[in-house]
Amino acid sequence: QVQLVESGGGLVQPGGSLRLSCVASGIIFRIYDMDWYRQAPGKERDLVAGLASDGTTNYADSVKGRFIISRDTFTNTVYLQMNSLKPEDTAAYYCRMRVLAPPTYTVFEVWGQGTLVTVSS
């Protein structure tokens, strides 16, 4: 069974930086898309950054120029480097991957449990 585990969240002051990590475990034949989403209290879960299998990236307008998504294909890990953090970046951050894996041997999506980021002075 494929599982995603996020880490790296915490409390940071405005203007600071954090690096989130998400590691996929289990038997995985291939990972397609790797994304980061976030959900603030009382709001919907929104895409923050996406990384396609061909290396193409996309970012929400609110984080362009501040956040960077990257991956390590050898360890099945996706990262989110967050710089110049603002209070409005406060949210639970979730990673999502589309994988090809047993038992279905089809492409399906997997979500992590989330990691909380709080930006406050």
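The analysis underlying the following values was restricted to heavy atoms, covering all of them including side chains, and did not include hydrogens, waters or symmetry mates.
- A donor-acceptor contact shorter than 3.5 Å links the side chain of Arg71 to the backbone of Ser53.
- Two residues are said to be in side-chain contact when any heavy atoms from C-beta on lie closer than 4.5 Å; Val117 and Thr90 fail this criterion.
- How far CG of Leu51 is from CG of Asp35: 8.0 Å, rounded to the nearest 0.5 Å.
- Interatomic distance, Arg19 CZ to Asn83 CG, rounded to the nearest 0.5 Å: 11.0 Å.
- With a 6.0 Å radius and a threshold of 12 heavy atoms from other residues, nucleotides or ligands, Glu88 has its CD atom above the threshold.
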- Task: Assess whether side-chain contact (heavy atoms from CB on, under 4.5 Å) is satisfied between Phe67 and Gln81, documenting all intermediate values.
- Result: CA-CA 5 Å; Phe67 290 12; Gln81 178 66 42; over 6 Å; no

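- Of the possible polar contacts, none joining the Thr118 side chain to the Leu11 backbone as a donor-acceptor pair under 3.5 Å is found.
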- Query: Should Tyr79 and Leu20 be marked as a side-chain contact (heavy atoms from CB on, under 4.5 Å) after you check the CA-CA gap, both sets of side-chain angles, and the distance that decides it?
  - Reply: CA-CA 5 Å; Tyr79 302 98; Leu20 305 183; over 6 Å; no

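- Leu80 and Leu18 fall within the same hydrophobic cluster, defined by Ile, Leu, Val, Met, Phe, Trp and Tyr side-chain heavy atoms under 4.5 Å apart, directly or through other members.
- Aromatic rings of Tyr37 and Trp111 (six-membered ring for Trp) have centroids within the 6.0 Å cut-off, being under it.
- Salt-bridge formation is not detected for the pair Glu109/Arg98: no Lys NZ or Arg NE/NH1/NH2 atom is positioned less than 4.0 Å from an Asp or Glu carboxylate oxygen.
- Hydrophobic clustering (ILVMFWY, side-chain heavy atoms < 4.5 Å, transitive): Phe108 and Ile28 are in one cluster.
- If you take CE on Met82 and CD1 on Ile68, they are separated by 12.0 Å, rounding to the nearest 0.5 Å.
- In the hydrophobic cluster analysis, where Ile, Leu, Val, Met, Phe, Trp and Tyr join through side-chain heavy atoms closer than 4.5 angstrom, Phe29 is grouped together with Tyr32.
- Judged purely by atom type and a 3.5 angstrom limit, Thr56 has no side-chain atom pairing as donor or acceptor with the backbone of Asp54.
- Side-chain heavy atoms closer than 4.5 Å link hydrophobic residues (I, L, V, M, F, W, Y) into clusters, and following such links, possibly through other members, connects Val107 to Ile27.
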- Yes or no on side-chain contact (heavy atoms from CB on, under 4.5 Å) for Val78 and Ile31, after CA distance, side-chain angles and deciding distance? CA-CA 11 Å; Val78 61; Ile31 298 176; over 6 Å; no

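- No side-chain donor-acceptor contact under 3.5 Å links Asp72 and Thr77.
- Proximity of a side-chain donor or acceptor of Ser84 to a complementary backbone N or O of Arg66 within less than 3.5 Å is not detected.
- In this structure, Leu100 CG and Arg30 CZ are separated by 8.5 Å, a value rounded to the nearest 0.5 Å.
- Gln13 places no side-chain N or O within donor-acceptor distance of the main-chain N or O of Ser120, the cut-off being under 3.5 Å.
- At least one side-chain heavy atom of Ile69 sits under 4.5 Å from a side-chain heavy atom of Trp36.
- Rounded to the nearest 0.5 Å, atoms CG (Asn58) and CG (Asp33) are 9.0 Å apart.
- Side-chain N/O atoms of Tyr93 and Arg38 include a donor and acceptor closer than 3.5 Å.
- Between Val23 and Asn76 there is no side-chain heavy-atom pair separated by less than 4.5 Å.
- A salt bridge does not link Lys86 to Asp89: none of the charged nitrogens lies less than 4.0 Å from a carboxylate oxygen.
- Annotation: disulfide (SG to SG under 2.5 Å) contacts involving residues 5-103, sequence neighbours excluded, comprise Cys22-Cys95.
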- Message: Could you go through Gln113 and Glu6, starting from their C-alpha distance and side-chain angles, then the distance that decides it, and tell me whether this counts as side-chain contact (heavy atoms from CB on, under 4.5 Å)?
- Response: CA-CA 7 Å; Gln113 82 289 347; Glu6 299 112 330; 2.9 Å; yes

